[in-house]
Chemist: 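Encoded as C-alpha cells, here's the structure I'll be asking about.
Values below: all heavy atoms of this structure, side chains included; hydrogens, waters and symmetry mates excluded. Every chain is numbered from 1, with letters handed out A, B, ... down the list of sequences.
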Protein chains: 2
Amino acid sequence: MTEKPPPDPRRRDRAATRAALLDAARLRFSRQGYDGTGIREIAADVGVDPALISRYFGSKRKLYAEAVRVDIPAGLTADPHRPVPHIADALLREVVFGDWEMFHGEHPFLVMLRSSGNPAVRDQLHIQLCEGYLRDFAGRLKGQDAALRAELIGALLLGMGVMRSIVGSPALSEASFEQTRRLVARLVHALSAE
Amino acid sequence: MTEKPPPDPRRRDRAATRAALLDAARLRFSRQGYDGTGIREIAADVGVDPALISRYFGSKRKLYAEAVRVDIPAGLTADPHRPVPHIADALLREVVFGDWEMFHGEHPFLVMLRSSGNPAVRDQLHIQLCEGYLRDFAGRLKGQDAALRAELIGALLLGMGVMRSIVGSPALSEASFEQTRRLVARLVHALSAE
DNA sequence: AGCATAAGTCATCAGTTGTTGACTTATCTG
DNA sequence: CAGATAAGTCAACAACTGATGACTTATGCT
C-alpha cells in the first residue's frame with residue numbers, strides 16, 4: 001500500500017502535476033482547438049489552479065506547442081532500403097488507423113490543422129510534416145517528380161485522416177484496415193512507377 | 001457620373017453593407033478561423049459599427065454559417081453519364097486549383113476545417129461534403145465498395161488542398177495544374193476499375 | 001421643404017480571457 | 001519537533017469578447 005496513496009488529495013509533485021496538465025491539454029486542444037480552450041478548463045480537469053500553467057509552461061502558447069509536438073516513430077525510417085509500399089502500409093496503420101488515445105483519437109497533425117488559424121501553429125505543422133515524414137519519403141522514390149509524388153501520398157493519408165476523424169465520412173470511417181489497405185496499396189503502386 | 005458617388009463616405013444601403021460585411025467575414029474567417037476572429041475586426045474592415053453584425057445577421061455564429069456556405073457548381077454533376085475521370089479533372093481544377101479569392105485562396109471546406117473545433121461547424125462540413133460532392137460521386141462508380149473508393153478520391157483532393165494552402169508543402173504548392181493532373185489521373189484510374 | 005423611416009453610431013453591459021505577484025500550506029531535511 | 005523550501009492557491013489585473021437598447025443622422029417620399 002505504499003504505492004498508491006488515497007487518490008483524491010493528490011500529493012504535491014511538480015513533475016506529475018506538469019505531466020497531468022500536459023495530458024489534459026492534449027485532450028482539450030484536440031477537441032476544441034487552441035482558441036476554443038481556456039487554461040481554466042485544463043486546470044480544472046487536473047483539479048489544480050490555473051496559475052500553474054503559466055508557472056510551469058510559461059504561457060498557454062508554449063503549453064500548446066509542447067502538447068502537440070509529434071515524434072516520428074524511429075522504426076519507420078530506419079532502414080534506407082525498405083520498399084515504399086511497406087512504409088506506406090506502416091504509415092496507414094500507425095498514423096491513419098492508430099488510436100492516438102492521447103489526442104482523443106486524432107493524430108497531432110489533425111489537431112494542429114484545427115488550430116491552423118494561428119500562424120505559429122501553422123509553422124509548427126509545416127516543419128514537422130515537411131521536414132519529418134515527407135522529406136524522408138521523397139528520398140525513397142525514384143524519378144524526376146519524386147517530391148511531388150511523395151506529397152501526393154502524404155496528401156492522401158492526411159486527407160484520409162481528415163475524412164475519418166473530422167468530417168466523419170461514413171465509408172472511410174467504418175471500413176476495415178485491411179479493406180482500406182488494399183485500395184491504398186493500389187494507389188501507392190500507381191505512383192511508385194515512373 | 002451618376003454611377004459612382006464619392007467612394008469614401010459610403011452611401012447608406014442596407015443590402016450593400018450586409019454584402020460587404022459578408023465579404024469581409026469570409027476573408028477574416030478564412031485566415032483566422034472562427035474563434036480567432038472578432039466582430040470588431042470584420043466591422044472595421046468595412047468601416048462600419050460592430051453593432052451592425054448582430055443587427056443584420058443575428059449573431060456572430062449565424063454570420064459564420066452564411067459566410068462559409070458552399071454551393072456546388074451545377075455544371076459538374078449535370079450529366080449522369082459523364083465519365084468519372086472527367087469529373088475528377090474538373091474537381092481538381094475548380095476545387096483544388098480554383099482561386100477562391102473570396103476566401104483568400106482556400107476552398108470553404110478548408111476554412112471550415114480550421115474551425116472544426118466548433119461542433120456546429122463540424123456538422124456543416126460533414127453535411128456539405130458527404131451529401132454534396134461525395135454522394136453524387138459514389139453513384140457513378142461501379143462495384144461493391146464504390147462509396148469507399150469515392151471517399152478515397154475525396155480524401156486525396158481534400159488532402160491536396162490542405163497540403164497546398166495550409167501546410168504549404170513545397171512540391172504540391174508549386175506544381176503546375178497539368179503536371180498534377182497527370183498524376184491524379186493515374187490515381188483515379190487505379191480506383192475506377194473494379 | 002419637411003417629415004417619417006430606416007441606416008448607422010455610441011456607450012455600455014456582463015462575461016471571459018491569459019497572466020502576475022503575494023499569499024498559504026504541504027513536504028522533506030536536520 | 002522546528003524550519004526551510006518549493007508546490008500550490010488566491011485575488012486581482014487589464015484587455016477583450018459578443019451583444020443590446022437608446023441615440024443620431026442620412027435618405028427618400030410627398
Chemist: side-chain contact (heavy atoms from CB on, under 4.5 Å) with B/I127: which residues, sequence neighbours excluded?
Modeler: B/E131
Chemist: Without decimals, in angstroms, what is the distance between B/L63 CG and D/dA19 C1'?
Modeler: 14 Å
Chemist: Distance-only criterion, 3.5 Å: show the donor-acceptor pairs between side-chain atoms of residues 88-100 of chain A and protein atoms not counting sequence neighbours.
Modeler:
from: A/D89; atom 1: OD2; to: A/R181; atom 2: NH1; distance (Å): 3.3
from: A/W100; atom 1: NE1; to: A/E94; atom 2: O; distance (Å): 3.3
from: A/W100; atom 1: NE1; to: A/V95; atom 2: O; distance (Å): 3.1

Chemist: Under the side-chain contact (heavy atoms from CB on, under 4.5 Å) rule, collect the residues that match up with B/R12, sequence neighbours excluded.
Modeler: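 For B/R12, no residue satisfies side-chain contact (heavy atoms from CB on, under 4.5 Å) once neighbours in sequence are set aside.
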Chemist: Contact class for A/F57 vs. all strands (heavy atom < 4.0 Å): base, sugar-phosphate, or nothing?
Modeler: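 It contacts nothing in the nucleic acid.
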Chemist: Just how far, in rounded Å, is C1' of C/dT19 from CD1 of A/I42?
Modeler: 14 Å
Chemist: Tell me whether the side-chain N/O atoms of A/R18 come closer than 4.0 Å to OP1 or OP2 in D/dA6.
Modeler: no
Chemist: Can a side chain N or O of B/Y56 be found less than 4.0 Å away from OP1 or OP2 on C/dA7?
Modeler: no
Chemist: Using whole Å, report how far CD1 of A/I53 lies from C1' of D/dG8.
Modeler: 13 Å
Chemist: Assign a letter to each nucleotide of nucleotides 11-17 of chain C from its 5' end: B, base within under 4.0 Å of a protein heavy atom; S, sugar-phosphate only; -, no contact.
Modeler: -B----B
Chemist: Who are the side-chain contact (heavy atoms from CB on, under 4.5 Å) partners of A/P85, not counting sequence neighbours?
Modeler: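 A/P85 satisfies side-chain contact (heavy atoms from CB on, under 4.5 Å) with A/P83 only.
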Chemist: Return the nearest nucleotide to the side chain of A/R12; candidates are C/dA22, C/dT9, D/dA7.
Modeler: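 Selected nucleotide: D/dA7.
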Chemist: Would the distance check show the side chain of A/R122 and the main-chain N or O of A/G117 forming a donor-acceptor pair, the cut-off being under 3.5 Å?
Modeler: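 Checked: no pair found.
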Chemist: Picking from D/dA19, C/dG8, C/dT19, which would you name as closest to the side chain of B/L52?
Modeler: C/dG8
Chemist: Rounding to an integer number of Å, can you tell me how far A/K62 NZ sits from C/dT19 C1'?
Modeler: 12 Å
Chemist: Going by number, which of residues 19-27 of chain B have a non-hydrogen atom under 4.0 Å from DNA chain C?
Modeler: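 The answer is none.
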Chemist: List the atom pairs, with distances to 0.1 Å, where a side-chain N or O of residues 156-170 of chain A and a protein N or O form a donor-acceptor pair under 3.5 Å, not counting sequence neighbours.
Modeler:
from: A/R164; atom 1: NH1; to: A/L172; atom 2: O; distance (Å): 3.3
from: A/S165; atom 1: OG; to: A/G161; atom 2: O; distance (Å): 3.2
from: A/S169; atom 1: OG; to: B/E151; atom 2: OE1; distance (Å): 2.7

Chemist: Using 4.0 Å as the upper bound for N to carboxylate O, is an ion pair formed by A/E66 and A/R61?
Modeler: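 No salt bridge links A/R61 with A/E66.
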Chemist: Nearest-nucleotide wise, let me know which of A/T17 and B/R61 is further upstream toward the 5' end of DNA chain D.
Modeler: A/T17
Chemist: Whole angstrom is fine here: how far is it from CZ in B/R14 over to P in C/dA7?
Modeler: 5 Å
Chemist: Does anything in residues 39-54 of chain B form a side-chain hydrogen bond (donor to acceptor under 3.5 Å, both in side chains)? List the pairs, not counting sequence neighbours.
Modeler: B/R28-B/E41, B/R28-B/D45
Chemist: On the side chain of B/R55, is there an atom forming a donor-acceptor pair with the base of C/dT9 - under 3.5 Å, no angle test?
Modeler: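 Yes.
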Chemist: Test of understanding: with ring-ring contact (aromatic ring centres under 6.0 Å, His included), list the residues that count as partners of A/Y133, not counting sequence neighbours.
Modeler: A/F109
